Amino acid sequence: SKVGVMIFEIVITILAAVLLHWLVNFLFNPWRYPPGPAGIPVIGSLHLAAPDFHRKLPKLARKYGPIFTITAGYRRVVFLVGYDLIKEVITDRAKDFASRCPNMPGRIVRGEGLDAPYGPKWMANRKFFYSAMRTMGLGKRGIEKCVVDEIPYIVEELEKLCAKNELFEPSSVFDSAVLNVLAYFTFGNRYSYQDEKFKELIHINNDFFQKAKFLNQPLFFLLSLVPGLHKYWLPQCGKDLKESVGKINKFVKAEIEQHRQNLDRKNPRDYIDCYLKELDQMNDQSELSELGLEMSIMDLFQAGTETTSTTLRWAILYMVNNPNIQTEKVQQEIDDVLGFDRLPQYEDRMRMPYCEATVLEVQRMATIAPIGLQHCSEEDQMLGGYRIPKRTSIMACYHSIHFDPKFWKNPNEFDPCNFLDSNKKVCIPDAFMPFGGGLRICVGMNIAKQELFLFFVAILQKFSLHLPDGVDHLDEESGSGITLAPKIYQVKIKRR
Ligand code: HEM
């Protein structure tokens, strides 16, 4: 029929236009993007998208050099492999590359807040976050109190397991503890793990991470093939993710509303109170806004819960797979410095170099954010001899430096000595960047470091962890997820 012929002609015309566009770009490379695999017409290198994507990057670097481009549809992403270029972009020229381009996940998940593009709003929110930590007394000691206060509840949960002789699957205890620290900081109170409202918060937060797996799936990358397509069409998993973000947003909005109703400006209790007080006092030029508050809290929950909980799960896994390190080194040092009863303080790490080095080694081996978060520049930039157009996504492959034999003796083996010098003091090689660096360095780094050290030490002070009967090794390959997380495992736990 005529209509059939017309549709056929339209489809052929579109395909020819896309192919021509791809050919012109491929042959003439008008922007002198760094080289990279040509990929398949139209879809580019979409087929590379897989959970072990980060492992393919060093191989591509051997072929194309330490800076190369990968294409997917109309998008080009520039990848950096190796210390020199990563340091140049992330720290030395931090200001040049401090922006985030408004990419697809950004549009589905975020708006303005702590992870916003570079500019006055991002700066104001970030500055406010740090100043709130100080004014709330939640600077170094304050956050430590939130973390230390959580320890008895973790111990209580683990004791219940020991009493019932049950195996330990750490996700739920770690998710609860880590979320509680942030709840204390933002909402002003820690919850009982059995509290219905807390269970709801845990549920919607975990649901988000479950649904966010969509961002790693080829279906998601398909959306990048046509600019703006997501406005008209989202696959079901994309709609689910949007809905899930909506639920967290609703929870946060309700908390803000409740805080507004009983705000005492003289005695701000938490982050929300501090922010509301600031909103009331500020002038028209201020870049803070209620939307900024909402988004900042959502960023804190999205960036600060799964990351820390996942790292703690890796820590337990490595201790179980390396029983000598667990008992003869880590627990020996804990017994010598803390004994069995004294709760650890963050300051204790000065006298516990082996424990601190172990936590650092867990972060290196796990490298849960192997390509970090994308950076970009708001101006064209020269980099590695190429001209990178403004707003091109740039990704640093941290995995490549955390496993580079130039910096680590046996990069593929778990060895806390990687972080100890010849005097057995902690020394951190420059090539260790689990929190990124420069202007965009993780804002929650100090909170995360305290949680990792204090929870890790407190658990090993009281409990020993072992392989379950009949298992000779826990799988060290990561499962699928938004960060590199271990596959679900269970271990035996005994009171020491
Ligand atoms: C082990 C735990 C954590 C790891 C490994 C981690 C890692 C990272 C990395 C690699 C980045 C990107 C840095 C860059 O773009 O160069 C980042 C950003 C961020 N992190 Fe963390 N993080 C952790 C915990 C936390 C915690 C506890 C919080 C909040 C309390 C948090 C909040 C954020 C935020 C808001 C950003 C975005 C900052 C910005 O765009 O300016 N993170 N984190």
Side-chain angles (χ1 to χ4, degrees), residues 54 80 86-87 89-91 93-95 97-103 105-106 109-119 121-130 132-133 138 142-143 146-147 150 174-175 177-186 205 271 292 295-315 359-360 362-377 393-399 401-402 432-456 482-485:
H54 57 282
L80 310 174
I86 292 181
K87 179 172 170 282
V89 166
I90 302 295
T91 51
R93 292 172 63 192
K95 193 150 184 284
F97 295 100
S99 203
R100 305 260 192 238
C101 20
N103 61 356
V109 178
R110 294 197 171 95
E112 60 183 87
L114 290 165
D115 184 36
Y118 186 78
K121 280 192 192 305
W122 167 74
M123 270 189 243
N125 277 297
R126 191 167 167 114
K127 209 170 134 202
F128 186 79
F129 175 81
Y130 285 130
M133 294 237 287
L138 280 184
I143 277 292
C146 305
V147 181
E150 204 57 34
F174 290 158
D175 287 350
V178 163
L179 190 66
N180 241 340
V181 172
L182 283 186
Y184 188 94
F185 174 67
T186 45
N205 200 48
Y271 187 62
M295 291 296 155
S296 295
I297 296 177
M298 294 187 52
D299 283 344
L300 290 178
F301 279 72
Q302 283 161 10
T305 52
E306 207 243 11
T307 42
T308 317
S309 172
T310 294
T311 308
L312 286 164
R313 285 206 288 134
W314 280 117
V359 173
L360 295 167
V362 167
Q363 285 202 276
R364 182 190 73 82
M365 283 293 282
T367 307
I368 61 160
I371 50 172
L373 294 179
Q374 52 105 356
H375 282 236
C376 76
S377 174
S393 284
I394 300 176
M395 314 253 7
C397 180
Y398 295 114
H399 173 85
I401 52 177
H402 287 180
F432 181 63
M433 300 173 85
F435 297 103
L439 294 179
R440 282 281 174 177
I441 198 164
C442 171
V443 274
M445 179 175 73
N446 279 329
I447 302 182
K449 278 182 171 177
Q450 300 193 37
E451 288 176 314
L452 295 179
F453 180 80
L454 291 167
F455 290 164
F456 175 75
I482 193 150
T483 56
L484 288 186

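Quick note: residue numbers are just sequence positions, from 1. We count ligands from 1, going down the list as the structure has it; atoms in each ligand are counted the same way. Remember, predicted model here, so these are calculated numbers, not experimental data.
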Cation-pi between R440 and W122: NZ/CZ under 6.0 Å from ring centre and within 45° of the ring axis?
yes

Ligand-side contact atoms (ligand 1) for residue partner [X], heavy atom cut-off under 4.0 Å:
X: P434; result: 5 (C), 7 (C), 10 (C)
X: R100; result: 14 (C), 15 (O), 39 (C), 40 (O)
X: G436; result: 10 (C), 16 (O)
X: V443; result: 32 (C), 33 (C), 34 (C), 35 (C)
X: L300; result: 29 (C), 30 (C)
X: L182; result: 30 (C)
X: R126; result: 38 (C), 39 (C), 41 (O)
X: W122; result: 39 (C), 41 (O)

Under a 3.5 Å cutoff, is there a donor and acceptor pairing between the side chains of H399 and T367? no

### Message
Please tell me whether T311 and Q363 have a donor and an acceptor in their side chains that are separated by less than 3.5 angstrom.
### Response
no

E451 N/O under 3.5 Å from ligand 1 N/O: no

>> Below the 3.5 angstrom mark, is there an N/O of A448, backbone or side chain, next to an N/O of ligand 1?
In response: no

Closest candidate by heavy atom, reference [atom], pool [options]:
atom: atom 1 (C) of ligand 1; options: T311, I371, N125, I90; result: T311
atom: atom 14 (C) of ligand 1; options: Q450, H375, M133; result: H375
atom: atom 24 (C) of ligand 1; options: T367, I368, T307; result: T307

Kindly determine whether F432 and I401 satisfy side chain to side chain contact (heavy atoms under 4.5 Å, CB included), including the steps that lead there.
-> CA-CA 7 Å; F432 181 63; I401 52 177; over 6 Å; no

| Using 30° and 60° as the class limits, which term best fits the ring planes of Y271 and F185: parallel, tilted or perpendicular? | parallel

Would you say [X] and [Y] make side-chain contact, with heavy atoms under 4.5 Å?
X: I143; Y: V147; answer: yes
X: F97; Y: S377; answer: yes
X: W314; Y: M365; answer: no

[atom] - nearest protein heavy atom and its distance:
atom: atom 26 (C) of ligand 1; result: G304 CA, 3.2 Å
atom: atom 38 (C) of ligand 1; result: L114 O, 3.6 Å
atom: atom 6 (C) of ligand 1; result: F435 CD2, 3.6 Å
atom: atom 13 (C) of ligand 1; result: R440 O, 3.3 Å
atom: atom 32 (C) of ligand 1; result: A303 CB, 3.4 Å
atom: atom 19 (C) of ligand 1; result: C442 CA, 3.8 Å

Going by the 4.0 angstrom heavy-atom rule, the piece of Y398 near ligand 1 is side chain

